[in-house]
Amino acid sequence: QNQYNCEICMSSIKGARCILLSCSHVFCRSCLVDFWGLCITEGDVGRVGCPDPQCVKDGREANEEEVRRVVTEEEVRRWKWLRQKRAMEKGK
């Protein structure tokens, strides 16, 4: 019943078609599906998080529960693999 403004597409979207992230920012599901899916495909896991400018500045990344609510299972597996790879590269 509630309407939310998506900061990505700048549309007013009904709550059932939105995702509330743990940082309390709300985006339409289709925008997050497209954005996070593209980030995962391109291997840019650091950008899989809240696209709000303040959260980007703070480096806030999505947690596994949020990622699972938005992208496909195959994309979740790739996201997890890319995060492990990044962690191993930082450890060297």
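Counting begins at 1 with the first residue of the sequence. Owing to the predicted nature of the structure, the values given are computational and were not obtained by experimental measurement.
Counting heavy atoms from C-beta on, the side chains of N63 and S22 come closer than 4.5 Å. By the 4.5 Å heavy-atom criterion applied to side chains, I8 and P51 are counted as neighbours. Residues I40 and V71 are in side-chain contact: their nearest non-hydrogen atoms beyond the backbone lie under 4.5 Å apart. Counting heavy atoms from C-beta outward, I19 and R69 have side chains that approach closer than 4.5 Å. For the pair R17/S30, no side-chain contact is recorded, criterion being any heavy-atom separation below 4.5 Å from C-beta on. The side-chain heavy atoms of Y4 and K14, taken from C-beta on, include no pair separated by under 4.5 Å. For the pair C9/C28, a side-chain contact is recorded, criterion being any heavy-atom separation below 4.5 Å from C-beta on.
The main-chain N or O of V70 is never found under 3.5 Å from a side-chain atom of W36 such that the two would form a donor-acceptor pair. The closest donor-acceptor contact from the side chain of D58 to the backbone of R60 lies at 3.5 Å or more, if one exists at all. Side-chain atoms of E75 come within 3.5 Å of backbone N or O of T72 as a donor-acceptor pair.
C39 SG to E61 CD: the interatomic distance, rounded to the nearest 0.5 Å, is 10.5 Å. A distance of 11.0 Å separates CG of L20 from CG of N2, quoted to the nearest 0.5 Å. Within the model, atoms CG of L32 and CZ of F27 stand 6.5 Å from one another, a figure rounded to the nearest 0.5 Å. Between the OG atom in S12 and the CD atom in Q3 there is a gap of 4.0 Å [rounded to 0.5 Å].
Residues G46 and R86 come closest through the heavy atom pair CA-NH1, 3.6 Å.
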**OP:** Go through the steps for E74 and R78 under the test salt bridge (charged side-chain N to carboxylate O under 4.0 Å, His left out), then give the verdict.
**Re:** CA-CA 6 Å; E74 183 179 328; R78 179 167 166 77; over 6 Å; no
Subject >> Stepwise salt bridge (charged side-chain N to carboxylate O under 4.0 Å, His left out) check, E42 with R47 >> reply: CA-CA 10 Å; E42 293 181 345; R47 294 189 59 205; 5.7 Å; no
Subject >> Derivation of the side chain to side chain contact (heavy atoms under 4.5 Å, CB included) call for D52 and E7 >> reply: CA-CA 7 Å; D52 180 83; E7 292 180 40; 2.9 Å; yes
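For Q54, the CD atom sits in a packed shell: over 12 heavy atoms of surrounding residues, nucleotides or ligands are nearer than 6.0 Å.
In this structure, R29 does not pair ionically with E66, as no charged nitrogen and carboxylate oxygen lie closer than 4.0 Å. At a threshold of 4.0 Å, the pair E89-K85 counts as salt-bridged, since one of the basic side-chain nitrogens sits closer than that to a carboxylate oxygen.
Linking Ile, Leu, Val, Met, Phe, Trp and Tyr whenever their side-chain heavy atoms come within less than 4.5 Å puts W81 and V67 in one cluster. Cluster membership for F35 and I13, using ILVMFWY side-chain heavy atoms within less than 4.5 angstrom, is not shared. There is no path of hydrophobic side-chain contacts, each under 4.5 Å, that joins V26 to L21.
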